[in-house]
Q: 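Questions regarding the structure given below will be posed in turn.
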Amino acid sequence: MINKFKKIVIKIGSSSIIDEKTGKVKIKWLNSLCKEIELLANENKNIVVVSSGAIALGKKTISNHKVISRLEDKQAAAAIGQIELANCWQQALRKNKINSAQLLLTLDDSEIRRRYLNVRKTISSLHKNKVIPIINENDTVATEEIRYGDNDRLAARVAQMIDADLLIMLSDVDGLYTESPIKNKNAEKIIDINEINESIEKMAGSKHSKLGSGGMATKIWAAKICMDSGCSTVIANGHKINTLSKINNKNSTWFHASKSPSSSRKQWLLNHLHPSGTIIIDNGATKAVFQNKSLLPAGVIKIKGKFNRGDVISVTNIKNKKIGIGVTAYDSYDAIKIMGKNSKDIKHILGYDGRDELIHKDDLVKINL
Ligand code: GLU
């Protein structure tokens, strides 16, 4: 079922990875999951793991397994648990000949464009090198106002950042039910969701997991963010051995995205009302753009306005007709220095090794003449 997807974020809740009684990582479970991750990676899928569990792991040292309420104690538990968590992931993946990397993110890393672009580039570089990123919130430094607070939100933001086409949420609940299945035995699981409306939101209710921070409401929020970005989401039981291969279209809740990540990104670009600047390009570059190529600095003849790297800018032809809109890889200051120049000279001109393209084709929408 998950085989048709290419870029997959797997979010693992604390209750799936940590044994509630012992407060330790469920090594057998983790080994089976890493074996499945290896199979997916061998099929050239790009996998990102968002793993909870740091606080649940560190708890035994800080509060002798008891619930921690003070933020600084949670942060201390996270600091203790994270090193152990990352170590377990590294060892389990290594058994399957996969290298892993740790990324600890704070809210600003997805909300501030410059930082967001850096995270995106780092993950893409890890994937190029066949390394699997293991992500968690940087709980130790994130104070209440600047936290994601739960990894459901973090995972949705990560999925959005990397243009993932599937987010898998492994949890202690195997999907969305009409009512809480704990309180009402007659509650029914919803299998397919094409739109998140008020009645779906109502079903989410509040949390009932003992270990994690999220609940069904944050999962629905995450699914909504993902659907808007062209990424489908599945909430599935995370307790089983070989949990990924057991996910099918009957035993989990699927939130189906109606468009692809790239078409929703392009739609977002087209809806952008206030581009920060304009670049005017020559006929050769205009032709290349319509042949679905990236826009190189060599074809740029003029730059108007002030913009930062990552801003949305307009592209016009020599007759001043708008032919496209896209995300710039350089700020206006550097773009002026490299316009009309060959990409291989960028390093020499700017003193750093930037991208060859001023606007990459994936970040450019053409407007037909
Ligand atoms: N970042 C937290 C941890 O690793 C988990 C947050 C959550 O449960 O969603 O313990």
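Below, all heavy atoms of this structure are taken into account, side chains as well, without hydrogens, waters or symmetry copies. Order of appearance sets the numbers: ligands from 1, and atoms from 1 within every ligand. Given the structure is predicted, the values throughout are model-derived calculations rather than measurements.
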Q: Against ligand 1, does A78 come closer than 4.0 Å with any heavy atom?
A: no
Q: Any idea which part of N136 is under 4.0 Å from ligand 1, heavy-atom wise: side chain, backbone, both or neither?
A: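 N136 to ligand 1: side-chain contact only, backbone stays beyond 4.0 Å.
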Q: For ligand 1, which atoms have a heavy atom of S52 less than 4.0 angstrom away?
A: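 Close to S52: 4 (O), 5 (C), 7 (C), 8 (O), 9 (O).
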Q: Got an N/O contact under 3.5 Å between A56 and ligand 1?
A: no
Q: Is the NZ atom of K302 crowded by more than 12 outside heavy atoms at less than 6.0 Å?
A: no
Q: Taking L104 as the starting point, is it possible to reach M161 by hopping between hydrophobic residues whose side chains are less than 4.5 Å apart?
A: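 Unlinked, M161 and L104 end up in two clusters.
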Q: Between D139 and ligand 1, which part of the residue brings a heavy atom under 4.0 Å of the ligand: side chain, backbone, both or neither?
A: side chain
Q: Can you tell me if CD on E188 sees more than 12 non-hydrogen neighbours from other groups inside 6.0 Å?
A: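 Incorrect, the count does not exceed 12.
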Q: Would you mind running through ligand 1 and noting each atom that sits below 4.0 Å from a heavy atom of G53?
A: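 With G53 as reference, the close atoms of ligand 1 come out as 3 (C), 4 (O), 10 (O).
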Q: Please indicate whether I191 has more than 12 foreign heavy atoms, meaning atoms of other residues, nucleotides or ligands, lying under 6.0 Å from its CD1.
A: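 More than 12 heavy atoms, drawn from other residues, nucleotides or ligands, come within 6.0 Å of this atom.
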Q: So with a 6.0 Å cut-off around NZ of K337, is the heavy-atom count from everything else above 12?
A: yes
Q: Is there a polar contact between ligand 1 and D150, counting only N or O atoms under 3.5 Å apart?
A: no
Q: Using the side chain to side chain donor-acceptor pair (under 3.5 Å) rule, collect all pairs that involve residues 125-141, keeping only residues at least two apart or in two chains.
A: Q82-N136, N136-N151
